[in-house]
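Encoded as structure tokens, the structure appears first; notes follow it.
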Amino acid sequence: MEITWRRIEEQDFPLLRMWLRQPHVKRWWNHETTADAVARDFGPAARGEEPSEDLLAFLEGRPVGLVQRSRLRDYPEYLAELAAIVPVPDGAMTIDYLIGDSRQTGQGIGTAMIHSVIVRTWAEHPAAPCVLVPVVAANRPSWRALERAGLRRVGVGNLEPDNPVDDRTHYLYRVDRPGTGGWRSHLPADQNAQPRPSTHPPGGTLSHTCCDRAQ
């Protein structure tokens, strides 16, 4: 399953609005879906004004999902929240993700997206020692997708959930750059290998990861 990527552009905002309205996405992201809200939250990254990256994932040439990727040091207050739970190495990256169409969940696409973007991270961010991902504990399909993509649970702690109906308990997952030691990475370095200006990154906290029923 080959995933390809490009940066989100303003022309993609209607697609993002449609995805964010889907029940399986809305459950975890709890995001405003007006045109103004999507432009407000995704526009700065699309224009290169925000340090985070919003990446559109394609499968067989068709858009299937979104990954938000950022350096934690670019969001110091959020970094401090995570550092209170687990060690956060300098230069650590984090991701958030969703699959837009519920009919494409449960097919391994979420796991493939996570795997692909992490492998790309090692090449595109050579100073990044690891990727650290918090996910609300209630979202079992999301953290199972992380495990299938090779990440390991390294901590449990309280963070503010994006959806207020959820408990504050979050699991933190980590994968290290291959060959650097620490928590052992299960991700191959070969990209062709097959098996996921604000206090927080745009769109809210990273607790709203959504790969509902991802396999």
Side-chain angles (χ1 to χ4, degrees), residues 3-59 61-72 74-79 81-82 93-107 109-110 113-114 117 133-143 145 158-168 170 196-214:
I3 304 292
T4 57
W5 303 88
R6 70 164 169 80
R7 295 287 292 265
I8 288 285
E9 301 172 357
E10 292 187 356
Q11 66 183 15
D12 302 313
F13 291 176
L15 176 64
L16 294 182
R17 289 184 66 201
M18 182 179 70
W19 284 352
L20 291 167
R21 290 171 173 167
Q22 301 306 305
H24 76 289
V25 176
K26 187 177 179 67
R27 167 64 183 88
W28 303 108
W29 282 61
N30 196 35
H31 198 287
E32 292 182 64
T33 59
T34 66
D36 287 346
V38 170
R40 176 195 68 210
D41 293 336
F42 293 92
R47 295 188 298 271
E49 301 167 359
E50 178 78 28
S52 67
E53 302 166 287
D54 292 340
L55 306 172
L56 198 60
F58 291 81
L59 178 63
R62 302 186 64 177
V64 294
L66 167 73
V67 169
Q68 293 183 311
R69 181 172 65 181
S70 57
R71 285 184 299 266
L72 285 167
D74 291 331
Y75 301 91
E77 293 188 29
Y78 192 58
L79 169 60
E81 292 178 28
L82 298 184
M93 306 285 294
T94 191
I95 59 171
D96 200 357
Y97 45 88
L98 65 83
I99 293 175
D101 188 339
S102 63
R103 294 171 297 183
Q104 294 179 311
T105 63
Q107 301 178 33
I109 296 173
M113 282 173 46
I114 295 165
V117 79
V133 186
V135 58
V136 67
N139 194 352
R140 186 178 189 275
S142 186
W143 52 259
N158 291 329
L159 297 168
E160 194 66 33
D162 191 63
N163 193 326
V165 305
D166 289 313
D167 186 77
R168 287 172 51 84
H170 283 66
R196 163 175 146 44
S198 54
T199 299
H200 298 298
T205 71
L206 292 178
S207 63
H208 55 229
T209 49
C210 172
C211 276
D212 191 31
R213 298 190 302 279

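Any value given below was found using the heavy atoms of this structure, including those in side chains, with hydrogens, waters and symmetry copies removed.
Residues Leu82 and Leu159 meet the side-chain proximity criterion, which asks for heavy atoms closer than 4.5 Å. You'll find the side chain of Pro14 stays beyond 4.5 Å of the side chain of Leu16, heavy atoms only.
Between the OG1 atom of Thr34 and the CG atom of Leu20 there is a distance of 10.5 Å, given to the nearest 0.5 Å. Rounding to the nearest 0.5 Å gives a distance of 11.5 Å between OG1 of Thr4 and CG of Leu55. Atom CE of Met113 sits about 6.5 Å away from atom CG of Leu98, to the nearest 0.5 Å. Once rounded to the nearest 0.5 Å, the distance linking NE2 of His170 with CG of Asn158 reads 9.0 Å. For the atom pair OH of Tyr78 and OG1 of Thr94, the computed distance is 6.0 Å after rounding to the nearest 0.5 Å. Here the CG-CG distance, from Leu79 to Asp74, works out to 10.0 Å after rounding to the nearest 0.5 Å.
Around atom CZ of Arg6, more than 12 heavy atoms belonging to other residues, nucleotides or ligands sit under 6.0 Å away.
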Open item on the list: Let's go through Val67 and Trp5 carefully: what are the C-alpha distance in whole Å and the side-chain angles of both, what is the deciding distance for side-chain contact (heavy atoms from CB on, under 4.5 Å) to 0.1 Å, and is it a yes or a no?
Closed with: CA-CA 9 Å; Val67 169; Trp5 303 88; 3.5 Å; yes

Task: Met93 vs Leu72, side-chain contact (heavy atoms from CB on, under 4.5 Å): CA-CA, chis, key distance, verdict - done: CA-CA 6 Å; Met93 306 285 294; Leu72 285 167; over 6 Å; no

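The salt bridge (Lys or Arg N to Asp or Glu O under 4.0 Å) check on Glu9 picks up nothing, with sequence neighbours excluded. In terms of the salt bridge (Lys or Arg N to Asp or Glu O under 4.0 Å) criterion, Arg62 has no residue partners (sequence neighbours excluded). Residues forming a salt bridge (Lys or Arg N to Asp or Glu O under 4.0 Å) with Arg17 (at least two apart in sequence, or on another chain): none.
Looking at Trp143, its side chain does come within 3.5 Å of a backbone N or O of Ala137 through a donor-acceptor pair. With hydrogens and angles disregarded, no donor-acceptor distance shorter than 3.5 Å links the side chain of His31 to the backbone of Ala37.
For the pair Ser70 and Tyr75, the tightest heavy-atom approach, listed with the atom from each and the gap, is CB-CE1, 3.7 Å. Residue Gly110 comes nearest to Ile99 through the heavy atom pair N-CD1, 3.4 Å, listed as atom of the first residue, atom of the second, then distance. Considering all non-hydrogen atoms of both residues, Trp19 and Pro63 come closest at CZ2-O, 3.8 Å. Closest heavy-atom contact between Val25 and Gly100: CG2-O, 4.4 Å.
Screening Asp54, Val117, Ile95 for a side chain to side chain contact (heavy atoms under 4.5 Å, CB included) involving Gln68 leaves a single residue, Asp54.
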